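Please read all numbers here as calculations on a predicted model, not as lab measurements. Residue numbers start from 1 in every chain, and the chains themselves are labelled A, B, ... in the order their sequence lines are given, proteins ahead of strands.
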Amino acid sequence: MNTPRHSRPKGTLDFVPPVADELRHLEYVAARLSTRFGFREIVTPVFEHTDVFTKSSGDASDIVTKEMYSFKDRGERDLTLRPEGTPGVVRAVLENRLRIPVRLYYFGPYFRFGRPQKGRFREFRQYGVEAIGEASPYVDAEIVLLGDEFFRTLGISDCTTELNSIGCRACRPGYRKELVAFLYAHKDELCEDCRERMDRNPLRVFDCKNEGCREVVADAPKTAGHLCDDCADHYDGVKRALDRMKVSYGINDRLVRGLDYYNRTVFEYISSRLGAQDSLGGGGRYDYLVEDLGGPPTPSSGFALGIDRTMMAMPEKPPLPEGTQPPRESLAYVVWMGEEELKHAVELAAKLRAEGVATRVDFDAARPKRQFRSADAAGAACCVIVGPDELAKGVYSLKDLATGEQEEVPVNMIVPRVRALFR
RNA sequence: GUGAGUGUAGCUCAAAGGCAGAGCACCUGACUGUGGCUCAGGAUGUUGGGGGUUCAAGUCCCCUCACUCACCCCA
């Protein structure tokens, strides 16, 4: 193969036409739905001071310990390409003293260092929402609903929602102690990784895919049975609200989120089309994070959805029936014959564009044949032909490239006639 | 960070130690004011890179790089 002079950095993606259009469409859907739920867009930097992430995501989490793109800038500042969205948003809310409660949505690129595989990249895109300063279980339910509607709007049908509650600072320590005791009793049956996880983050043993570990974990004490009264009430509230909103979900009492800051409600959207990385996104409640980042106690809830994964999970467009042409772009080509007509073509292009009609002229091809070919290659809907004959008669010839039909159009009628061919 | 698989034309893939090929795409012409369709012709490669074995390597061996999938982790 011709080795390209330059190649993408490992784990990055190019979005070339028309895939970039799909990406923008997806962001448009996200923005529209978020707005409908009262969220407003926030844009924060792609990099932050490193401690914004180390103080929020948890020192023990893998994201912080081995997946961050961290660097020192020329001023010796410790900076990190954001591995996730929530900490930067919370930082911005505090720094700009936004009035709380506030609902925010965002999308953009995120960065984590790991070996790429299907659905996992070093640069990836997320769509997220954060409801900062809202404590009600209804809020959690609304956020789950929003994500659910997002996937449904995009035609993703094989997406299931899993729900769990992991308790709070009051009830989790007791549960954790009980879980660790259980795991120690079954230490011999656990894999090496899980034996390490037992001490560092015992809840994550639930995530292990190892057969033996799964069997052990099946009998392990579950969070849901060890919630304090407040957490149990909250969990019931979320479930009742989801039922009333007609959101279908499954309880997964093994569901644990990777980030340390979650408490109470956690949820995840799973698709069967994605391979091993089957999570389209997830989220939950994070009632302590704002405080951890130096703000006042502020109960909050949100989600982060993987845009790249969502695009992978979207249904394939059905192939075109045999013999049919793909739809044409809403684009007009002005075809010219000689130098004299070229001047008119340039003016006509300006006029069409002023009327909002996307227009191109092939300046490089002197022969009309090539101009027509350019127009066809670009998928243009029509050609507007400027030749000596047309100029003499005060008309343009308009050729519909889909049907091949051509007719003369008075110059003052060209804009509506071109537009009529767009569909 | 760990493991496995795959690297041949722009794309999809043949060539199982003996002349590097096909389809699609591309270019030119038939058609000097008309795309697609048809016909005729044309170009395309350091077989990812480097080393080794051999009379001979796309093919076997070693190293390296890239991609893919999985572990890990998560979006």
I'd like the [atom1] distance from [M] over to [N], given in whole Å.
{"N": "B:A9", "M": "B:G17", "atom1": "C1'", "answer": "24 Å"}
{"N": "B:G41", "M": "B:G23", "atom1": "P", "answer": "13 Å"}
{"N": "B:U59", "M": "B:U53", "atom1": "C1'", "answer": "13 Å"}
{"N": "B:A16", "M": "B:C31", "atom1": "C1'", "answer": "48 Å"}
{"N": "B:C63", "M": "B:A4", "atom1": "P", "answer": "12 Å"}
{"N": "B:G29", "M": "B:A66", "atom1": "C1'", "answer": "41 Å"}
{"N": "B:G1", "M": "B:G58", "atom1": "P", "answer": "33 Å"}
{"N": "B:U46", "M": "B:G5", "atom1": "C1'", "answer": "26 Å"}

Looking only at the side chain of [X] (C-beta and beyond, no hydrogens), which of the listed nucleotides [options] gets closest?
{"X": "A:Phe121", "options": "B:U34, B:A75, B:C72", "result": "B:A75"}
{"X": "A:Phe372", "options": "B:G33, B:G35, B:A75", "result": "B:G35"}
{"X": "A:Gln117", "options": "B:G35, B:G1, B:C69", "result": "B:C69"}
{"X": "A:Lys399", "options": "B:G1, B:G33, B:G35", "result": "B:G35"}
{"X": "A:Asp389", "options": "B:C72, B:A75, B:G33", "result": "B:G33"}
{"X": "A:Arg309", "options": "B:G33, B:A75, B:C73", "result": "B:A75"}
{"X": "A:Arg120", "options": "B:G1, B:G33, B:C72", "result": "B:C72"}

Would [X] and [Y] count as having a side-chain donor-acceptor pair, cut-off 3.5 Å?
{"X": "A:Tyr249", "Y": "A:Thr160", "value": "no"}
{"X": "A:Asp292", "Y": "A:Ser56", "value": "no"}
{"X": "A:His234", "Y": "A:Asp140", "value": "yes"}
{"X": "A:Glu162", "Y": "A:Asn252", "value": "yes"}
{"X": "A:Thr265", "Y": "A:Ser165", "value": "no"}

Does any nucleotide pair with [N] by Watson-Crick or G-U wobble geometry, both distances under 3.5 Å, and what is it?
{"N": "B:G17", "result": "none"}
{"N": "B:U53", "result": "none"}
{"N": "B:G35", "result": "none"}
{"N": "B:A4", "result": "B:U68"}
{"N": "B:A22", "result": "B:U12"}
{"N": "B:U28", "result": "B:A40"}

Measuring to OP1 and OP2 of [N], would you say a side-chain N or O of [X] lies under 4.0 angstrom away?
{"X": "A:Gln371", "N": "B:U34", "value": "no"}
{"X": "A:Lys369", "N": "B:G35", "value": "yes"}
{"X": "A:Arg370", "N": "B:U28", "value": "yes"}
{"X": "A:Lys10", "N": "B:C67", "value": "yes"}
{"X": "A:Arg367", "N": "B:G29", "value": "yes"}

Pick base, sugar-phosphate or nothing for [X], based on heavy-atom distances below 4.0 Å to the nucleic acid.
{"X": "A:Ala375", "answer": "nothing"}
{"X": "A:Arg115", "answer": "base"}
{"X": "A:Gly114", "answer": "nothing"}
{"X": "A:Arg328", "answer": "base"}
{"X": "A:Leu401", "answer": "base"}
{"X": "A:Leu280", "answer": "sugar-phosphate"}
{"X": "A:Ala402", "answer": "base"}
{"X": "A:Glu123", "answer": "nothing"}
{"X": "A:Gly275", "answer": "sugar-phosphate"}
{"X": "A:Arg373", "answer": "sugar-phosphate"}

Charged tip of A:Lys177 within 45° of A:Tyr175 ring normal and under 6.0 Å = no

Return the value, rounded to whole Å, for the distance between atom [atom1] of [X] and atom [atom2] of [N].
{"X": "A:Lys118", "N": "B:U68", "atom1": "NZ", "atom2": "C1'", "value": "10 Å"}
{"X": "A:Arg122", "N": "B:U68", "atom1": "CZ", "atom2": "P", "value": "11 Å"}
{"X": "A:Leu23", "N": "B:A75", "atom1": "CG", "atom2": "C1'", "value": "14 Å"}
{"X": "A:Asp362", "N": "B:G35", "atom1": "CG", "atom2": "C1'", "value": "12 Å"}
{"X": "A:Phe113", "N": "B:U2", "atom1": "CZ", "atom2": "P", "value": "11 Å"}
{"X": "A:Trp336", "N": "B:G33", "atom1": "CH2", "atom2": "P", "value": "12 Å"}
{"X": "A:Glu407", "N": "B:U34", "atom1": "CD", "atom2": "P", "value": "19 Å"}
{"X": "A:Tyr69", "N": "B:G1", "atom1": "OH", "atom2": "C1'", "value": "13 Å"}

Over 12 foreign heavy atoms within 6.0 Å of CZ, A:Arg353 = yes

What about A:Arg112: does its side chain form a donor-acceptor pair under 3.5 Å with the base of B:A75?
-> yes

In sequence, state the C-alpha distance, the side-chain angles, and the governing distance for A:Arg103 and A:Glu130, and then conclude on salt bridge (Lys or Arg N to Asp or Glu O under 4.0 Å).
-> CA-CA 6 Å; A:Arg103 288 189 165 200; A:Glu130 314 289 353; over 6 Å; no

RNA chain B nearest-nucleotide lookup for A:Pro9 and A:Gly306: closer to the 5′ end is A:Pro9

First encountered from the 5' end of RNA chain B, between A:Gly11 and A:Pro368 = A:Pro368

Pick one: which of A:Tyr127, A:Phe150, A:Phe151 meets ring pair (Phe, Tyr, Trp, His ring centres under 6.0 Å) with A:Tyr269?
-> A:Phe151

